[in-house]
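Heads up, the thing below is written out as structure tokens.
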Amino acid sequence: MVTPTTTRPTRSTGRWLVPVVADLGCVLALAVGGKSSHDPGESAWVVLAIVWPFAVATVLAHGWLVLRGGRTRRVWPEGAVVLVATYVLGMLLRAASGRGTAPGFLVVAAVFLAVTMLGWRIAAGLVTHLRSTRAR
């Protein structure tokens with residue numbers, strides 16, 4: 001008889017998987033917010049058209065850092081690298097796919113991604129710090 005086993009991510013997997021999922025959540029929030037603000041009557045597929053360039057850029061940035069041994073949960077320098085790569089490569093892919101890069105979108109996307117992608121890292125760092133000080 002074969003018993004089913006549940007697999008839990010190893011500690012090393014969690015070190016890169018959690019930040020990737022969190023950053024993809026930030027990118028998805030940008031796309032959903034953009035659709036609801038500018039294309040509320042459009043199909044939900046618009047979200048995919050908005051999100052894919054930034055999602056690809058985010059995954060590539062994380063992959064590059066992980067392969068170099070980086071910990072993408074830290075704000076500096078890894079979080080900043082992921083942010084800049086997501087923004088720049090995402091905008092390049094967006095432009096190459098024929099989607100707009102209006103100046104207003106450039107600014108809103110930069111600010112939103114900076115606040116969310118760096119913000120969750122700051123919050124996670126504070127929680128980790130508070131837990132470590134209480135454990136002492």
Side-chain angles (χ1 to χ4, degrees):
M1 171 189 233
V2 176
T3 57
T5 59
T6 57
T7 57
R8 289 182 54 193
T10 63
R11 189 172 205 120
S12 62
T13 302
R15 286 189 178 148
W16 66 263
L17 186 59
V18 171
V20 170
V21 171
D23 285 338
L24 288 174
C26 297
V27 168
L28 182 61
L30 172 70
V32 169
K35 180 203 176 290
S36 65
S37 296
H38 301 289
D39 297 319
E42 292 291 324
S43 158
W45 290 102
V46 170
V47 172
L48 289 176
I50 297 168
V51 82
W52 82 262
F54 299 100
V56 167
T58 299
V59 170
L60 288 175
H62 277 275
W64 181 76
L65 282 170
V66 168
L67 289 175
R68 297 192 62 209
R71 295 182 58 191
T72 60
R73 189 176 292 210
R74 296 188 304 198
V75 175
W76 183 260
E78 290 89 348
V81 168
V82 171
L83 168 63
V84 170
T86 297
Y87 178 77
V88 172
L89 183 57
M91 286 299 177
L92 290 172
L93 290 171
R94 180 178 167 88
S97 70
R99 300 286 297 175
T101 54
F105 178 70
L106 295 174
V107 172
V108 168
V111 170
F112 184 85
L113 290 174
V115 168
T116 57
M117 293 176 88
L118 298 179
W120 78 257
R121 285 174 169 85
I122 292 168
L126 289 173
V127 168
T128 302
H129 175 73
L130 289 173
R131 283 184 181 165
S132 68
T133 57
R134 286 186 180 170
R136 290 181 195 171

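Residue indices begin at 1 and follow the sequence shown.
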Fill in: Heavy-atom closest pair, residues Gly90 and Ala57
N-CB, 3.6 Å
Worksheet, complete the sentence: For Ser36 and Gly33 the tightest heavy-atom approach is OG-O, 3.1 Å
Item to complete: State yes or no: do Met117 and Ile122 share one hydrophobic cluster built from I, L, V, M, F, W and Y residues joined by side-chain heavy-atom distances below 4.5 Å, directly or via other members?
Response: yes
Worksheet entry | Val111-Leu118 co-clustered via ILVMFWY side chain contacts under 4.5 Å | no
Side-chain polar contacts of residues 127-136 - donor-acceptor pairs under 3.5 angstrom, sequence neighbours left out - could you list them?
residue : atom : partner : partner atom : Å
Thr128  : OG1  : Ala124  : O            : 2.9
Ser132  : OG   : Thr128  : O            : 3.4
Ser132  : OG   : His129  : O            : 2.8
Thr133  : OG1  : His129  : O            : 3.3
Thr133  : OG1  : Leu130  : O            : 2.9

Item to complete: Please check if Leu65 and Val88 belong to a single hydrophobic cluster, counting links between Ile, Leu, Val, Met, Phe, Trp and Tyr side chain heavy atoms closer than 4.5 Å.
Response: yes
Fill in: OG1-CZ distance between Thr101 and Arg94, expressed to the nearest 0.5 angstrom
7.5 Å
Item to complete: Compare every heavy atom of Phe54 with every heavy atom of Thr86, then report the nearest pair and how far apart it is.
Response: O-CD2, 3.6 Å
Worksheet entry | Fellow cluster residues of Leu89, listed by chain then number, with links counted only when side-chain atoms sit under 4.5 Å apart | Trp52, Val56, Leu60, Leu93
Worksheet item: Is there a chain of hydrophobic side chains (I, L, V, M, F, W, Y, each step under 4.5 Å between heavy atoms) that links Val51 to Val115?
Response: no
Worksheet entry | Selection residues 109-119 - residue pairs positive for side chain to side chain donor-acceptor pair (under 3.5 Å), sequence neighbours left out | none
Worksheet item: Rounded to the nearest 0.5 Å, how far does OG1 of Thr72 lie from CH2 of Trp64?
Response: 12.0 Å
Fill in: Rounded distance [0.5 Å steps], CZ in Arg15 versus CZ in Arg71
5.0 Å
Practice prompt. Answer yes if Val84 and Phe105 sit in the same cluster of Ile, Leu, Val, Met, Phe, Trp and Tyr residues linked by side chain heavy atoms under 4.5 Å apart, and no otherwise.
Written response: yes
Practice prompt. If you link ILVMFWY side chains whenever their heavy atoms are less than 4.5 Å apart, which other residues fall into the same cluster as Val46? By chain and number, please.
Written response: Ile50
Practice prompt. Sequence neighbours left out, what passes side-chain hydrogen bond (donor to acceptor under 3.5 Å, both in side chains) with Arg74? Give chain and number order.
Written response: Glu78
Between side-chain atoms of residues 18-28 and protein atoms elsewhere (two or more places apart, or another chain), which donor-acceptor pairs fall under 3.5 Å?
residue : atom : partner : partner atom : Å
Asp23   : OD1  : Trp120  : NE1          : 2.7
Asp23   : OD1  : Arg121  : NH1          : 3.0
Asp23   : OD2  : His62   : NE2          : 2.6
Asp23   : OD2  : Arg121  : NH1          : 3.4
Asp23   : OD2  : Arg121  : NH2          : 2.7

Discussion item. Strictly distance-based, threshold 3.5 Å: is any side-chain N or O of Tyr87 a donor or acceptor partner for the main-chain N or O of Leu106?
Written reply: yes
Response to the item:
Looking only at heavy atoms, the pair that brings Phe112 and Leu30 closest together is CE2-N, 3.5 Å
